[in-house]
Colleague: 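Sending over a structure as structure tokens; questions will come in a sec.
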Amino acid sequence: MTASDCYTIIGRYDDTGETTIAVLPYDAASGDPHVAALRHTADLSEHGEFEVVAVLRGRCDVLVTQQSLRLFAERILGA
């Protein structure tokens with residue numbers, strides 16, 4: 001899968017605040033990132049209230065999430 005053949009979708013669950021990152025293939029039939037976001041939301045809705053934060057073109061390396069930032073800040077502040 002090349003970078004232009006996929007989307008990176010960043011989302012979160014309202015109840016837990018857990019961040020999710022998913023790389024999904026580009027669907028030529030729909031071709032619209034909004035459709036990909038809606039489908040992804042529907043797929044995850046059975047696990048709780050899910051919202052899409054952003055849809056990015058291509059495969060993106062995730063460097064920081066809410067959880068990793070919180071753990072990092074706790075570690076440096078607790079030192």
Colleague: Under the rule for side-chain hydrogen bond (donor to acceptor under 3.5 Å, both in side chains), what residues qualify as partners of T19, not counting sequence neighbours?
Modeller: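 With neighbours one apart ignored, the set is Q66, Q67.
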
Colleague: May I ask you to test the P33-Y7 pair for a side-chain heavy-atom distance under 4.5 Å?
Modeller: yes

Colleague: Nearest 0.5 angstrom please: L24 CG to D43 CG, how far?
Modeller: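 With rounding to 0.5 Å, CG (L24) is 8.0 Å from CG (D43).
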
Colleague: Among Ile, Leu, Val, Met, Phe, Trp and Tyr joined by side-chain contacts under 4.5 Å, find the other residues sharing a cluster with V62 and list them by chain and number.
Modeller: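 Reading the cluster by chain and number, V62 sits alongside I10, I21, V53, L56.
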
Colleague: Using a side-chain heavy atom cutoff under 4.5 Å and only I, L, V, M, F, W and Y, what cluster partners does V64 have?
Modeller: L63, L69

Colleague: How would you list, by chain and number, every residue that makes a side-chain contact (heavy atoms from CB on, under 4.5 Å) with D14, sequence neighbours excluded?
Modeller: R12, E49, E51

Colleague: Looking at T8 and C60, would you say the former's side chain and the latter's main chain have a donor-acceptor pair under 3.5 Å?
Modeller: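 Indeed, once roles are kept as given, a pair shorter than 3.5 Å links the two residues.
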
Colleague: Do you know the tightest heavy-atom contact between A37 and V52?
Modeller: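 Result for this residue pair: O-CG2, 3.9 Å.
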
Colleague: For Y13, which residues count as a side-chain contact (heavy atoms from CB on, under 4.5 Å) partner, sequence neighbours excluded?
Modeller: D15, T16, E18, T20, L44, H47, F50

